[in-house]
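For reference, the structure is listed below as structure tokens.
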Amino acid sequence: MTTTLHPMVRAEQVHKSYGQLEVLKGIDLEVQPGEVFCLVGPSGSGKSTFLRCINHLEQINAGRLYVDGDLMGYRERNGKLYELKDREVALKRRDIGMVFQRFNLFPHLTAIENVMEAPVRVKGESKQAARERAEARLAQVGLADKAASYPSQLSGGQQQRVAIARALAMEPKLMLFDEPTSALDPELVGDVLDCMRELAEQGMTMIVVTHEMGFAREVGDALVFMDGGVVVESGHPREVLTNPQHERTRAFLSKVL
């Protein structure tokens with residue numbers, strides 16, 4: 001578990017626009033080390049955009065985003081922000097694992113080759129070391145017996161667990177999950193959530209955009225409800241889900257619970 005004294009993620013007045021469309025309207029939040037932080041809200045509320053800003057897949061237009069105490073994507077001099085070079089951003093991004101709705105596995109590589117790819121190419125690890133770690137990560141997500149299978153031979157839930165193993169192979173200090181179960185058949189969702197539950201128990205810092213309210217209630221340490229690009233309500237998941245204070249939160253939860 002991380003022993004840093006500062007938050008793993010700190011957002012200060014984060015704004016993001018696409019042309020005239022303002023998607024994030026000043027997000028302030030903190031995610032502590034070892035915390036499972038759930039982001040919920042209707043489609044189009046800015047949750048996934050905010051997640052992509054954390055690892056600088058999207059550039060913010062105003063505000064500050066810090067990961068483990070470091071400004072993400074920019075260098076600050078005399079109060080002005082200067083964007084880092086792609087190579088510098090890629091170095092910072094190595095510490096952040098991301099799992100998308102779609103599994104994005106390489107179809108021509110086996111499960112173990114998918115998991116080995118980034119440590120070998122990005123970190124310059126030897127194939128032997130990468131293979132050993134990949135075997136351990138596949139075992140961790142319950143897929144030790146599928147190492148030689150290609151993505152087309154795996155169910156959606158198994159592919160998503162390979163994607164989680166692939167992110168873990170880079171030994172990240174932070175994991176981002178963007179609705180990781182939304183593309184899955186209902187009967188496959190449980191295996192992926194169980195895998196995430198185990199990660200949480202091991203102390204991994206996780207930010208999860210999800211519609212799985214049961215997971216948020218059971219596993220989450222903090223929950224933020226977003227709507228219209230702002231944080232409407234935040235607190236402990238059980239508290240927010242059982243006793244929402246804001247009318248917009250109540251209206252949303254009445255539809256999903």
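Because the structure is a prediction, the values reported are computed rather than measured.
Remark: Q59 CD to L81 CG distance equals 12.0 Å, nearest 0.5 Å. With rounding to the nearest 0.5 angstrom, the OG1 atom of T110 is 10.5 Å from the CG atom of L105. For the atom pair CG (N55) and NZ (K92), the distance works out to 13.0 Å, reported to the nearest 0.5 Å. In this structure, CD1 in I96 is found 11.5 Å from CE in M175, a value given to the nearest 0.5 Å. We find the CD-CZ distance between E179 and R102 to be 11.0 Å, quoted to the nearest 0.5 Å. Note that CG of L174 and CG of D95 are 9.0 Å apart. Values are rounded to the nearest 0.5 Å.
Using a 4.5 Å cut-off on side-chain heavy atoms (C-beta onward), V14 and L29 make no contact. Contact annotation: the side chain of K146 never approaches that of V162 to less than 4.5 Å [non-hydrogen atoms, C-beta and beyond]. Side-chain contact between I54 and V67 is present, with at least one heavy-atom pair separated by less than 4.5 Å. Counting heavy atoms from C-beta on, the side chains of P180 and Q101 never come closer than 4.5 Å. Within the 4.5 Å cutoff, the side chain of L57 has heavy atoms near those of the M98 side chain. Counting heavy atoms from C-beta on, the side chains of I112 and R131 come closer than 4.5 Å. Looking at M8 and E35, their side chains never come closer than 4.5 Å, going by heavy atoms from C-beta outward. A 4.5 Å side-chain heavy-atom check between Y66 and P7 finds every atom pair outside the cut-off.
Screening residues 69-103 for ring-ring contact (aromatic ring centres under 6.0 Å, His included) gives H56-Y74 as the qualifying pairs, with residues at least two apart or on separate chains.
Judged by distance alone, with hydrogens and angles left aside, the side-chain atoms of K47 form a donor-acceptor pair with the main-chain N or O of P42 at under 3.5 Å. Of the possible polar contacts, one joining the R161 side chain to the G142 backbone as a donor-acceptor pair under 3.5 Å is found. Judged by distance alone, with hydrogens and angles left aside, the side-chain atoms of N114 form a donor-acceptor pair with the main-chain N or O of L109 at under 3.5 Å. Judged purely by atom type and a 3.5 angstrom limit, K25 uses its side chain to pair as donor or acceptor with the backbone of G228. Using a distance-only test at 3.5 Å, with no hydrogens or angles considered, no donor-acceptor pair links the side chain of D227 to the main chain of S45. One N or O on the side chain of E233 and one on the backbone of Q245 form a donor-acceptor pair closer than 3.5 Å.
Annotation: K123, atom NZ; neighbour count of heavy atoms from other residues, nucleotides and ligands within 6.0 Å is above 12. Within 6.0 Å of atom CG in D145, more than 12 heavy atoms from other residues, nucleotides or ligands are found, so the atom counts as buried in its surroundings. Residue-environment remark: CZ (R250) exceeds the threshold of 12 foreign heavy atoms within 6.0 Å.
Contact between V99 and A163 at its shortest, heavy atoms only, is CG2-O, 4.2 Å. Summarising the geometry of M116 relative to K127, their closest heavy-atom pair is CE-O, 3.6 Å, with the distance given to 0.1 Å. Between S234 and V224, the shortest heavy-atom distance links the atoms CB-CG2, 3.6 Å. Nearest heavy atom pair, residue P151 against residue F106, reads CG-O, 3.5 Å. Scanning both residues, Q153 and S149, for their nearest heavy atoms gives OE1-CA, 3.4 Å. Taking all atoms of both residues into account, the shortest heavy-atom contact from I27 to G229 is CD1-O, 3.4 Å.
The cluster map of Ile, Leu, Val, Met, Phe, Trp and Tyr, joined by side-chain heavy atoms under 4.5 Å apart, puts L154 and M196 in the same cluster. Linking Ile, Leu, Val, Met, Phe, Trp and Tyr residues whenever their side-chain heavy atoms come within less than 4.5 Å leaves V192 and V40 in two separate clusters. Follow the hydrophobic side-chain contacts under 4.5 Å out from L65 and you never reach V230; the two are in separate clusters.
By the salt bridge (charged side-chain N to carboxylate O under 4.0 Å, His left out) test, R64 is found to be paired with E76, residues two or more places apart in sequence or in another chain being considered. Looking at residues two or more places apart in sequence or on another chain, you find a salt bridge (charged side-chain N to carboxylate O under 4.0 Å, His left out) between E12 and R10. With sequence neighbours excluded, the residues satisfying salt bridge (charged side-chain N to carboxylate O under 4.0 Å, His left out) with K16 are E58.
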List the atom pairs, donor and acceptor, that lie under 3.5 Å between side-chain atoms in residues 212-220 and the rest of the protein, sequence neighbours left out.
residue	atom	partner	partner atom	Å
E212	OE2	T181	OG1	3.3
E218	OE1	R197	NH2	3.3

Could you go through residues 236-244 and list every donor-acceptor pair under 3.5 Å that involves a side-chain atom there, pairing it with any protein atom two or more places apart or in another chain?
residue	atom	partner	partner atom	Å
H236	ND1	R238	N	3.2
T242	OG1	R238	O	2.5

Check your understanding: Stepwise, does the side chain to side chain donor-acceptor pair (under 3.5 Å) test hold for R137 with Q140?
Key -> CA-CA 5 Å; R137 293 296 173 248; Q140 188 179 349; 3.0 Å; yes
Exercise for review: Any chance you could lay out the side chain to side chain donor-acceptor pair (under 3.5 Å) test for E198 and Q202, step after step, and finish with the verdict?
Suggested key: CA-CA 6 Å; E198 283 179 25; Q202 291 159 16; 4.8 Å; no
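For the side-chain contact (heavy atoms from CB on, under 4.5 Å) with F177, the lone residue among I164, T210, V209 that qualifies is I164.
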